[in-house]
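Only heavy atoms go into these numbers, but all of them, side chains included; no hydrogens, no water, no symmetry mates.
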Amino acid sequence: MLLALPFAVLAGLVSFASPCVLPLVPGYLGYVTGMAGATTGTSSGATGGAAPARLADAGRGRMLAGMGLFVLGFTVVFVALGVLAGSLGASLLRASDVVTRVLGVVVVLLGLSFAGWLPVGQRERRLHLAPRAGLWGAPLLGVVFGLGWVPCIGPTLIAVYTLALDEASAGRGAALAVAYCLGLGLPFVLVALAFERSTRVLRVLRDHRVLLMRAGGVVLVLVGLALVTGVWAAWTQSLQGLVGGFETVV
């Protein structure tokens, strides 16, 4: 878990910076604050002009509440899937070594696809549903995001669930999912908290999206190779011994 939790947070951050999430952040913000009309054209990645000004007029508290409810919505979905992955891992405990190595190969392939080095998986697929705009619709929009954007952010998410399978525990699967949602959801909340400043940061991230995707893909490939070769298990055992020794001294 000491290795898996930081990776899950990093995977969430990489997912936020992906081309299928980052350009739509202003649109999400407008929708959950009930100002969907103020974000017309933001789906193409625009973050300047009158739309940010109108969003700023909505009030920081409302934006923060809307984004918080949105994050809560997709967290419920991802944590439920994390519990399922951890429980499934517990039932496959006897064959955990084989399952981990096979899933490691999958993570390597997903990493190559995420970085744009494989033609498979480059097509964007997501569920298109539009709940009612405003704070009441924010959690539902988060649920829709959690269900519909899985094919889009799948490489990073599947890598996290692979680690949940390896942990073979429903509780640890939930913890890894929460860590992933922290990495994915915290930037959303920060954007709502400081919208006027964050638009510049979003623009920089968008301009470097290819580099970010390739860096994230490389991380996924390295984790996948660690799972395939057994290095991940060795690291885990070493850390368990280190923590156990520390607790004995204390």
Side-chain angles (χ1 to χ4, degrees), residues 1 4-18 20-36 38-39 42-43 55-56 58-87 126-161 163-164 167 169-195 198-199 201-202 205:
M1 286 294 287
L5 286 174
F7 171 77
V9 175
L10 178 61
L13 291 170
V14 171
S15 296
F16 176 82
S18 65
C20 60
V21 175
L22 185 63
L24 302 180
V25 173
Y28 291 138
L29 190 56
Y31 215 91
V32 300
T33 55
M35 297 191 65
T39 59
T42 55
S43 60
L55 280 172
R60 181 176 299 176
R62 185 177 180 84
M63 287 193 288
L64 190 59
M67 268 305 181
L69 292 170
F70 170 74
V71 171
L72 178 63
F74 68 69
T75 297
V76 169
V77 174
F78 292 150
V79 170
L81 293 175
V83 170
L84 180 62
S87 301
R126 59 186 184 229
L127 179 67
H128 293 277
L129 291 176
R132 182 178 178 182
L135 294 181
W136 289 104
L140 182 56
L141 182 63
V143 171
V144 170
F145 174 86
L147 294 174
W149 260 247
V150 167
C152 185
I153 60 178
T156 52
L157 191 58
I158 290 174
V160 172
Y161 290 149
L163 297 181
E167 292 293 336
S169 164
R172 292 189 175 189
L176 287 174
V178 169
Y180 175 82
C181 292
L182 178 64
L184 176 59
L186 186 59
F188 279 107
V189 175
L190 292 177
V191 167
L193 195 60
F195 181 74
S198 62
T199 52
V201 176
L202 293 175
L205 291 175

The criterion is ring pair (Phe, Tyr, Trp, His ring centres under 6.0 Å); which residues satisfy it with F74, sequence neighbours excluded? F70, F78, F145

Got a second to check how far M67's CE is from L72's CG, nearest 0.5 Å? 13.5 Å

Less than 4.5 Å apart, side chain to side chain, heavy atoms only: is that true for V21 and F188? yes

Using residues 5-18 as the side-chain source, report each donor-acceptor pair under 3.5 Å to any protein atom, sequence neighbours left out, with the distance given to one decimal.
unit_1, atom_1, unit_2, atom_2, d
S15, OG, A11, O, 3.0
S15, OG, T156, OG1, 2.5
S15, OG, Y180, OH, 2.7
S18, OG, S15, O, 2.6

When every non-hydrogen atom of A192 is compared with those of M63, the smallest separation belongs to CB-O, 3.5 Å

Separation of L140 CG from L69 CG (nearest 0.5 Å): 11.5 Å

Which heavy atom of G82 sits nearest a heavy atom of A177, and at what distance? CA-CB, 4.2 Å

When rounded to the nearest 0.5 angstrom, what distance separates CG in L81 from CG in L176? 13.0 Å

Can you give me the closest heavy-atom contact between A138 and G66, atom names plus distance? CB-O, 3.5 Å

Residues two or more places apart in sequence or in another chain: which of them pass side-chain contact (heavy atoms from CB on, under 4.5 Å) with I158? L110, T162

